[in-house]
Amino acid sequence: MAENKKILLSGVKPTGRPHIGNYFGAMKQFVDLQNEYNCYFMLADYHALTTLQNATELKRNTLDLAIDYLTIGLDPANAVIFKQSDVSEHTELAWIFNCILKMPYLMRAHAFKDVVTKTAKVISSSMPLEYTVDTIIRDKGVDAFKDVTVGTFDYPLLMAADILLYNTDVVPVGQDQKQHIEYARDTAEKFNNIFGDTFKLPEEKIVSDLFTENGSMVGIDGRKMSKSYNNHIPLFSSDEEIKKLVMKIETDSSDGEPINVRAIHFPIRKALYPNELTGDYFKNLYSEKRGQYQALKEALITDLIAFITPLRKKREEIASKPDKVLEILKMGADKAKLQAEKKMSDIKDKVGVK
Ligand code: AMP
């Protein structure tokens, strides 16, 4: 790794096929930034285990995600591409963090509150942000947590471990993960205060100008695109899937512009034609075809197919050589392990277990 470059780490959970929100929110940045930084790209399989408890599926998804990483253009000659569970220091460090962070602090995590409100069915998914866990406990008692695993609750500290083990400077993520990077920073500070200067404070790197749903890419129903809402367009969709999904996009709009169609179309168009003035393209298209939702959806279908077809073809090629992909993961694990062991040795010394 180059001495003079800053360190970047990020990851995706192998919970299913990645969607275009994952791509534009996070994965595209991985590619754009991989020459500027020393990069670690993780397959976050232990994070996936919080929601996916099926060995065959998890194994399949993990290999698939490695293939996806290579397809979008991550270069294993420069970047370290590895599976989280291959480096046991991640969970080891998460335990140490468990011992120094407090429960109420973790209860403030949006992701945790989200799960609690959904599983306890306290209120609808449009929970106001100020709705706190205190209120949930008041309404439901500890029963509110009966469907929340300890892993889900603890997720931010495993993520802090992922980031801090590698002396990471920047973490490219979607807006929904911003708070988790704040957790990693707070955890680093807390540890440094107790045990002495050990961790660098990482910063998030967020693409914010492309999206509309609270800074995230919208799905076909206008909410944040997410596998768990089943409102996503998979990154490697077939033409048929693309057509079907786009036709399903909800087009609620009062002024002749289907907002959701445009929100999805914008980043696709920009990626497909980087030299075009995307704003002008949409100004013209949406004035010419005002109110013609079918035609506007067809324009999106054309661009999505043009964008996804070459990716899908490249993916098929890479997927036909799974041994090569496994070799790359092995090489990545070896490199990541080397750094993680070094860091962990210092951490163990600091906390007094070495
Ligand atoms: P996950 O599937 O939760 O591991 O997410 C992988 C990455 O994609 C994370 O950096 C997320 O912040 C990002 N991401 C997920 N959904 C969206 C979305 N709808 N818009 C933008 N980024 C997203």
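All ligand and atom numbering here is 1-based and tracks the order in the structure. Position 1 is the first residue of the sequence, and the numbers go up from there. This is a predicted model, so every value here is computed, not measured.
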May I have the step-by-step check of ring-ring contact (aromatic ring centres under 6.0 Å, His included) for Tyr166 and Phe82, ending in yes or no?
CA-CA 13 Å; Tyr166 299 92; Phe82 73 106; 5.7 Å; yes
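Under the 4.5 Å side-chain criterion, counting only non-hydrogen atoms from C-beta, Met217 is not in contact with His19. Between Phe199 and Ile347, the closest side-chain pair of non-hydrogen atoms falls below 4.5 Å. Put simply, the side chain of His90 does not reach to within 4.5 Å of the side chain of Tyr46, judged on heavy atoms. Taking 4.5 Å as the limit, some side-chain heavy atom of Lys354 sits within range of a side-chain heavy atom of Ser345.
For ligand 1, the atoms sitting less than 4.0 Å from at least one non-hydrogen atom of Val173 are 10 (O), numbered in the order shown with element in parentheses. Heavy-atom proximity to Ala26, at under 4.0 Å, picks out these atoms of ligand 1: 7 (C), 8 (O), 10 (O). Near Ser216, meaning under 4.0 Å from one of its heavy atoms, ligand 1 places the atoms 18 (C), 19 (N), 20 (N). Taking every non-hydrogen atom of Gly25 and a distance limit under 4.0 Å, the qualifying atoms of ligand 1 come out as 21 (C), 22 (N). Interface atoms of ligand 1 facing Lys13, defined by a heavy-atom separation under 4.0 Å, are 3 (O), 4 (O).
Of the options Val12, Asp176, Thr51, the smallest heavy-atom separation from atom 11 (C) of ligand 1 is shown by Asp176. Comparing Met225, His232, Met217, Lys224 by heavy-atom distance to atom 20 (N) of ligand 1, the nearest is Met217. Distances from atom 10 (O) of ligand 1 to the heavy atoms of Gly174, Ser226, Pro267 put Gly174 nearest.
Within the structure, the closest approach of His19 to ligand 1 falls below 4.0 Å when heavy atoms are considered.
Using modelled atom types, one finds no donor on one side chain facing an acceptor on the other under 3.5 Å when comparing Asn78 with Gln34. Inspection of the Lys224 and Ser226 side chains reveals no N or O donor paired with an N or O acceptor under 3.5 Å.
The shortest N/O to N/O separation between Asn22 and ligand 1 falls below 3.5 Å.
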